[in-house]
Amino acid sequence: MNALSRPPHIAIVGTGPAAFYAAADLLQRAPTAHVNLFDRLPTPGGLARYGVSPDHAGRRRVIATYESLVMSTGRLHFHGGVDIGTDISHDELLACHDAVIYACGCAGDQSLGIPGEDLPGSHPASQFVGWYNGHPDHAQHRFNLNTERAVVVGNGNVALDVARMLLLAPERLARTDMAEHALAALRHSQVQEVVVLGRRGPAECAFTTPELLELGHLDEIDVVIDNAPDLLSSPPAGSVPVSDARDYAQHLKLQLLREYAQRAPRSGKKRLVLRFQTSPLALEGEGHVQALRVGRNRLVTDATGKVQAQATGDEEVLETGLVLRSVGYRGSALPGLPFDPAKGTLPNQRGRVMNPAQGQAVPGVYVVGWQKRGPSGVIGSNKCCAQETVTELLQDLPSLQAAQPIEQTTLWQQVLTRLRPGRVDYRGWKAIDRAEQALGLAQGRPRVKFTSVDAMRRAAAET
Ligand code: NAP
């Protein structure tokens, strides 16, 4: 990096794992930099707080670890309860900083585009995830748990997360930080079976091996493999040469599925049915979901070598009162910024946001995480992704500073004064954190989350 004229001021919009990795990298590589971290909610964490499932508490800790690391520098400043686009415009934010990094993730959902998709009883999985994790936007949802069978469409890790949450024993859930309203509802759930539909075969499923392995160790759940005709006839893993780690993970996954397929059902257990080569065709019901019509697929390899699902014409009706659509997330456009509607991301080169019409970088605007590369990868994938963006930003920094108005600091002080009444700073967040943990302690739980912004703001005021 060339010499800087003054300590850099960088804004990061979003506070999930990608944002924290970017902040940590910036603070380390630019030792005089100050970073302002914004979240529209009073609490930081993004998907680490509201996406990771409650029984995977260890994965949430990444945020706590990074939080203490970067906050201890005194150069990271949290601004919760500030909505960029409403409370401050993008242009204003950029005028107060040398650069802005967007880390807003993908909050929208892909749709199935089939009849009945919007019937009551059919929901995007993201609503269910937000609901059981106590996200203020989703706390008010209601799910029909008065049904023996639920169906989850999709074969990714989110599909396995929501299926597990529907089936785990309430006593197990009660030891997690699951939202109280979700715990109460799941205690009375009638769901005995969750069918997870994959349109392609076992070799093409998107969920990862550790998540599949975990299912086999849950005493209250039987994993049942359905409609995987080639699984048992294909050669077992170990007899096939494995060339790299990816191949190895894939072989391990198939081996596990084979092992599950051979397990004898145990009486009295709830069932998680992994049903392959099956596509949803229509949701049916009078006023609410009562059934899902599905079609069987055969697998064909297209000209590019990709295995595709092709309908056989065989159809079947699954009775169910709850369908969760878990077929991927989708990012949305932000006012004043370019957007790639096909990918649902900010168009970018190595994290520099690009204006596609002019083929040029938008000065001072960067992106990390799912908003940069689409909704894929695990929490750790965001580390390299953030480092790549920070490298580009640091290269650009001298010229960005040269172009920045000298009244930048005054402008920022004016904005801060305007934001102060609703803004929750780091002390405020720590007060929320302490209050949630104290509520949890009283119930033998890690924490009890506040599920409304008002309750969070009240707790934040108790500093
Ligand atoms: P995903 O991994 O992209 O999986 C989406 C699934 O939906 C795929 O199986 C896909 O099948 C299927 N699908 C798409 N369109 C469909 C349609 N029209 N009909 C039927 N099926 C359809 O997405 P995700 O599960 O939302 O996860 C997002 C990212 O978060 C992933 O990288 C995931 O690993 C990560 N994540 C990780 C964890 C964890 O580490 N425990 C937990 C949650 C999420 P095709 O393959 O046939 O397209």
Side-chain angles (χ1 to χ4, degrees), residues 16-18 46-62 105-115 117 122-130 132-133 151-165 195-215 227 246 249-250 253 274-283 292-302 304 306-311 323-331 343-345 369-383 385:
L47 277 188
R49 180 175 161 99
Y50 291 120
V52 169
S53 54
D55 59 336
H56 287 168
R59 292 182 195 164
R60 292 196 202 285
R61 268 183 228 125
V62 67
C106 296
D109 307 281
Q110 301 284 1
S111 64
L112 291 170
I114 60 173
E117 189 164 359
S122 160
H123 310 260
S126 61
Q127 278 185 5
F128 190 63
V129 172
Y132 63 60
N133 273 324
V151 179
V152 179
V153 181
N155 246 197
N157 280 330
V158 172
L160 292 196
D161 277 352
V162 297
R164 226 175 45 251
M165 289 305 110
V195 180
V196 178
L197 290 188
R199 61 179 168 184
R200 299 191 288 157
E204 291 78 33
C205 54
F207 49 74
T208 44
T209 310
E211 281 61 33
L212 182 64
L213 181 65
E214 174 189 11
L215 292 180
N227 199 30
R246 208 186 146 115
Q250 175 73 355
K253 192 153 70 173
L274 292 174
R275 183 166 188 174
F276 295 100
Q277 294 181 223
T278 307
S279 283
L281 299 178
L283 289 101
L292 176 68
R293 191 149 48 81
V294 297
R296 270 178 192 241
N297 300 326
R298 67 174 72 86
L299 299 179
V300 292
T301 306
D302 70 14
T304 66
K306 188 174 176 198
V307 175
Q308 302 278 15
Q310 191 180 72
V323 173
L324 298 176
R325 310 179 313 260
S326 180
V327 293
Y329 288 87
R330 197 183 149 68
K343 293 187 183 152
T345 55
W370 281 6
Q371 217 177 1
K372 170 182 173 185
R373 46 175 223 278
S376 67
V378 293
I379 287 180
S381 321
N382 291 302
K383 197 168 185 173
C385 168

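Indexing begins at 1, ligand by ligand and atom by atom, following the structure's order.
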Under 4.0 Å and counting heavy atoms only, is there anything from the protein next to atom 27 (O) of ligand 1?
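Yes, because at least one protein heavy atom sits under 4.0 Å from atom 27 (O) of ligand 1.
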Those atoms of ligand 1 less than 4.0 Å from some heavy atom in [X]:
| X | value |
| --- | --- |
| S376 | 32 (O) |
| D161 | 42 (C), 43 (C) |
| Y329 | 26 (O) |
| R200 | 45 (P), 46 (O), 47 (O) |
| A206 | 2 (O), 4 (O), 9 (O) |
| E211 | 39 (C), 40 (O), 41 (N) |

Quick one, [X] and [Y] - any side-chain contact, counting heavy atoms below 4.5 Å?
| X | Y | value |
| --- | --- | --- |
| V151 | V294 | no |
| L292 | L197 | yes |
| L299 | R200 | yes |
| E204 | Q277 | no |
| F128 | S326 | no |
| Y329 | V158 | yes |
| L160 | L274 | yes |
| R325 | P124 | yes |

To the nearest 0.1 Å, how far is [atom] from its closest protein heavy atom, and which atom is that?
| atom | value |
| --- | --- |
| atom 30 (O) of ligand 1 | W370 CZ2, 3.3 Å |
| atom 25 (O) of ligand 1 | V158 N, 3.1 Å |
| atom 7 (O) of ligand 1 | V327 CA, 3.4 Å |
| atom 4 (O) of ligand 1 | G156 CA, 3.6 Å |
| atom 18 (N) of ligand 1 | R199 NH1, 3.5 Å |
| atom 9 (O) of ligand 1 | N155 N, 3.1 Å |
| atom 33 (C) of ligand 1 | N157 ND2, 3.8 Å |
| atom 23 (O) of ligand 1 | G328 CA, 4.1 Å |

Which option wins on minimum heavy-atom distance to atom 35 (C) of ligand 1: S381, G51, G377?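 The residue whose heavy atom sits nearest atom 35 (C) of ligand 1 is G377.
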contact_flag [X] ligand 1 heavy-atom lt 4.0 Å:
| X | result |
| --- | --- |
| R59 | yes |
| V378 | yes |
| P375 | yes |

Contact check: E204 vs ligand 1, nitrogen or oxygen atoms, below 3.5 angstrom =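 N/O-N/O distance under 3.5 Å: no.
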Check whether any side-chain N or O of [X] sits under 3.5 Å from a backbone N or O of [Y] as a donor-acceptor pair, and report yes or no.
| X | Y | result |
| --- | --- | --- |
| T345 | G374 | no |
| Q250 | A203 | yes |
| S381 | I379 | no |

| request: Starting from the C-alpha separation in whole Å, work towards a yes-or-no answer on side chain to side chain contact (heavy atoms under 4.5 Å, CB included) for M165 and D55. | output: CA-CA 9 Å; M165 289 305 110; D55 59 336; 3.1 Å; yes
